[in-house]
Amino acid sequence: MAKKVLIVGGVAGGASAAARLRRLDETAKIIILERGEYISFANCGLPYHIGGTIENRDDLLLQTPKGFKERFNVEVRTENDVVKIDRDKKQVEILNRDSGETYAEGYDQLILSPGAEPVRPPIPGIESERIFTLRNVPDTDKINAFIEAHQPKRAVVIGGGYIGLEMAENLRDRGMLVAVVEMLNQVMPLMDKEMAYLLHGQLHRHNVALWLDDAVASFHEPDNRLAVGLKSGMELSCDFAILAIGVRPEVKLAKEAGLEIGPSGGIKVGPDLRTSDPDIFAIGDAVEVRDFVLGRPVLVPLAGPANKQGRMAADNICGMNRSYNGTQGTAILKVFDLTVAMTGANEKALAKSNVPYEKLHIHPANHVGYYPGAKQMHIKLLFTKPEGKILGAQIVGSDGVDRRIDLFAVAIRAGLTVFDLQELELAYAPPYGSGKDAVNMAGFVASNMLEGTVDFAYWDQIEDGDFILDVRTPGEYEKDHVPSAVNIPVDELRSRLNELPKDAPIYVYCTVGIRSYIACRILMQNGFTAKNLSGGFLTYCGYQHIELLDTQTARQLKEEFCLV
């Protein structure tokens with residue numbers, strides 16, 4: 001007898017599960033129950049439709065119920081909301097939103113793919129019609145309709161994560177002044193501080209005002225405007241606001257059915273994506289997964305994992321015995337003309353989990369300098385000591401970031417070490433890379449560190465009174481330098497060793513760490529204790545959170561929003 005599979009929710013996970021099920025089993029009866037109007041849409045493209053980059057709204061609609069039926073013989077019922085699961089009877093209760101009627105539908109297996117919902121905290125005034133969230137096509141339509149009707153000049157984006165930064169860029173593309181309010185002292189909380197600071201300067205250069213270390217306390221509407229009251233006492237004036245402070249998994253249906261909820265708040269599933277009921281699977285943003293690097297339960301609302309989980313749940317329903325081995329959080333983001341990417345664990349997560357680690361910072365170009373158009377990348381790599389197993393990577397740059405983060409992501413998934421990175425044979429031609437690619441360079445530097453070729457130190461370890469040596473040129477030093485640093489250019493170092501102390505460590509830096517590495521080798525072989533400061537002066541700026549937020553231009557940007 002043919003099996004009957006109900007899938008609650010479409011989009012990435014549910015639609016992938018349905019298509020895979022049909023490819024594996026032509027006889028199964030498959031029904032997708034979707035509470036909304038659209039079965040499959042490109043939610044990652046929504047900000048870019050608002051900004052105008054994706055002009056045609058229909059380009060966001062990846063599949064229709066009619067198309068799904070014709071190609072996969074899957075019945076799709078939109079505007080049908082599953083409101084209850086009766087596990088004993090193996091049936092669900094469904095509300096037809098068009099007719100208002102409820103009905104029951106039985107199943108042999110059930111796949112839950114309800115997704116996540118935007119967080120709307122109980123802030124006074126949050127029900128204003130001038131406050132929007134962005135999660136689906138109707139949300140996009142509402143924002144676009146408001147912009148067309150009111151021609152707003154100022155917008156406040158609350159939250160500096162993925163959606164917040166994408167919306168800041170796309171609202172700027174629509175010609176608005178934009179402010180971002182973030183309760184932490186940095187945007188992109190999944191990145192470490194010294195990497196995120198690069199984004200602060202980027203946002204400022206594109207006329208986005210930043211309120212960091214602050215949070216929204218209230219909303220109200222004076223004189224046909226929206227006033228955003230902050231906990232610091234500041235009040236921002238705008239035409240509308242976007243809430244982008246995160247999402248929470250939709251677990252109400254699963255919880256009421258008695259399915260187990262994990263410690264992170266998502267539906268608990270096993271490696272086979274079964275819930276605590278063996279006939280019910282759960283996938284996507286609503287489920288708790290295993291962190292691939294740290295092994296702990298986490299929520300990772302990303303499209304890539306949801307698609308893979310949908311396929312895997314279908315495989316297991318068809319008896320293929322697949323295991324989901326965890327999510328490493330590989331992600332990439334466009335912030336104007338910068339690209340931000342990450343994979344694996346960040347330093348904050350490693351410290352919180354008490355995992356011993358080492359780190360390095362390098363700042364290579366995306367391809368050889370003699371070929372026109374070379375762009376600098378900023379790379380942070382985290383790994384174990386002494387084994388060198390790769391734990392995480394973060395990159396900020398422009399061209400070439402996507403390729404390098406994918407290489408690091410594969411290295412983590414494959415269990416490679418930094419020693420393996422040295423040996424990777426990567427494609428090279430002057431327009432695309434270097435004979436020693438940036439990924440190889442990360443391996444070289446990390447191997448030097450682990451093998452003791454040079455000692456490293458970090459800017460957040462420097463204390464008052466430490467001897468700091470700047471080996472850049474006098475011109476670079478005069479332009480900007482670390483306070484108290486002594487300047488001896490690397491090419492003069494051998495002749496000026498008598499100016500340096502032998503009874504204390506010497507902390508050496510240049511711009512990115514290459515000249516300081518050479519200097520450290522000179523010093524170490526002449527009886528000095530030398531430590532190369534990871535990432536050089538560029539990384540120092542990150543640790544010190546040096547940014548352009550206190551300039552006159554930045555203050556003028558903020559004044560555009562200030563009521564008091």
Side-chain angles (χ1 to χ4, degrees), residues 4-18 31-36 43 77-97 102-122 126 133 135-136 139 243 245-291 295-303 305-310 312-314 316-317 324 326-327:
K4 182 178 180 181
V5 182
L6 300 185
I7 301 173
V8 180
V11 198
S16 293
I31 302 173
I32 298 178
L33 299 161
E34 169 57 51
R35 72 169 62 160
N43 52 1
R77 302 176 190 172
T78 57
E79 302 289 353
N80 276 247
D81 188 7
V82 176
V83 295
K84 184 179 179 181
I85 302 170
D86 188 328
R87 292 166 53 196
D88 293 330
K89 294 181 179 179
K90 293 188 72 172
Q91 68 180 29
V92 297
E93 183 179 315
I94 305 161
L95 169 65
N96 185 318
R97 291 188 164 189
T102 60
Y103 65 98
E105 192 76 56
Y107 64 84
D108 294 308
Q109 283 89 29
L110 178 66
I111 299 177
L112 299 180
S113 182
E117 60 181 349
V119 174
R120 291 183 71 97
I126 200 168
T133 57
R135 188 67 180 169
N136 52 38
D139 290 342
L243 277 179
I245 54 179
V247 295
R248 62 167 62 93
E250 293 212 32
V251 299
K252 181 175 181 288
L253 184 65
K255 196 171 185 179
E256 290 177 349
L259 299 178
E260 187 174 353
I261 305 300
S264 69
I267 302 170
K268 188 170 185 177
V269 294
D272 58 0
L273 298 171
R274 280 184 168 89
T275 67
S276 51
D277 184 319
D279 290 318
I280 301 178
F281 294 76
I283 58 177
D285 296 355
V287 305
E288 176 181 275
V289 296
R290 172 182 167 271
D291 184 303
R296 63 184 184 179
V298 291
L299 298 170
V300 185
L302 293 173
N307 275 289
K308 296 177 184 68
Q309 291 161 17
M312 192 170 292
N316 287 332
I317 286 173
Y324 188 74
T327 302

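In what follows, residues are counted from 1 in the order of the sequence shown. Small disclaimer: the values here were computed from a predicted structure and weren't measured.
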I'd like to check the side-chain contact (heavy atoms from CB on, under 4.5 Å) partners of A282; sequence neighbours left out, ordered by chain and number. L112, I267, V269, T275, V287
Let me see the working for I317 and I111 under side chain to side chain contact (heavy atoms under 4.5 Å, CB included), right down to the final yes or no. CA-CA 10 Å; I317 286 173; I111 299 177; 3.6 Å; yes
With sequence neighbours excluded, tell me which residues meet salt bridge (charged side-chain N to carboxylate O under 4.0 Å, His left out) with R97. D81
Which pair of non-hydrogen atoms, one from T327 and one from P305, has the smallest distance, and what is that distance? CG2-CG, 3.7 Å
Pair I283, S113 - check side chain to side chain contact (heavy atoms under 4.5 Å, CB included), show working. CA-CA 5 Å; I283 58 177; S113 182; 3.7 Å; yes
Given the rule in the side chain to side chain contact (heavy atoms under 4.5 Å, CB included) test, do D277 and L259 qualify, once you have shown the distances and angles that lead to the verdict? CA-CA 7 Å; D277 184 319; L259 299 178; 3.7 Å; yes
Quiz question: by atom type and distance under 3.5 Å, do the side chains of N316 and Y324 form a donor-acceptor pair? no
Carboxylate-amine/guanidinium proximity below 4.0 Å for E105 and R77: yes
Step-by-step side chain to side chain contact (heavy atoms under 4.5 Å, CB included) determination, V92 to L110: CA-CA 9 Å; V92 297; L110 178 66; 4.1 Å; yes
Under 3.5 Å, is there a donor on one side chain and an acceptor on the other for E93 and T102? no
Would you give the length of the straight line joining atom CG of L95 to atom CG of L33, rounded to the nearest 0.5 angstrom? 11.5 Å
Charged N to carboxylate O below 4.0 Å: is that the case for E260 and K268? yes
Gap between atom CG of L299 and atom CG of D291 - 0.5 Å precision: 11.5 Å
Quick one: which of I7, I31, I85, V5 gives a side-chain contact (heavy atoms from CB on, under 4.5 Å) with Y107? I85
With sequence neighbours left out, write down each residue that passes side chain to side chain donor-acceptor pair (under 3.5 Å) with R248, or none if nothing qualifies. none
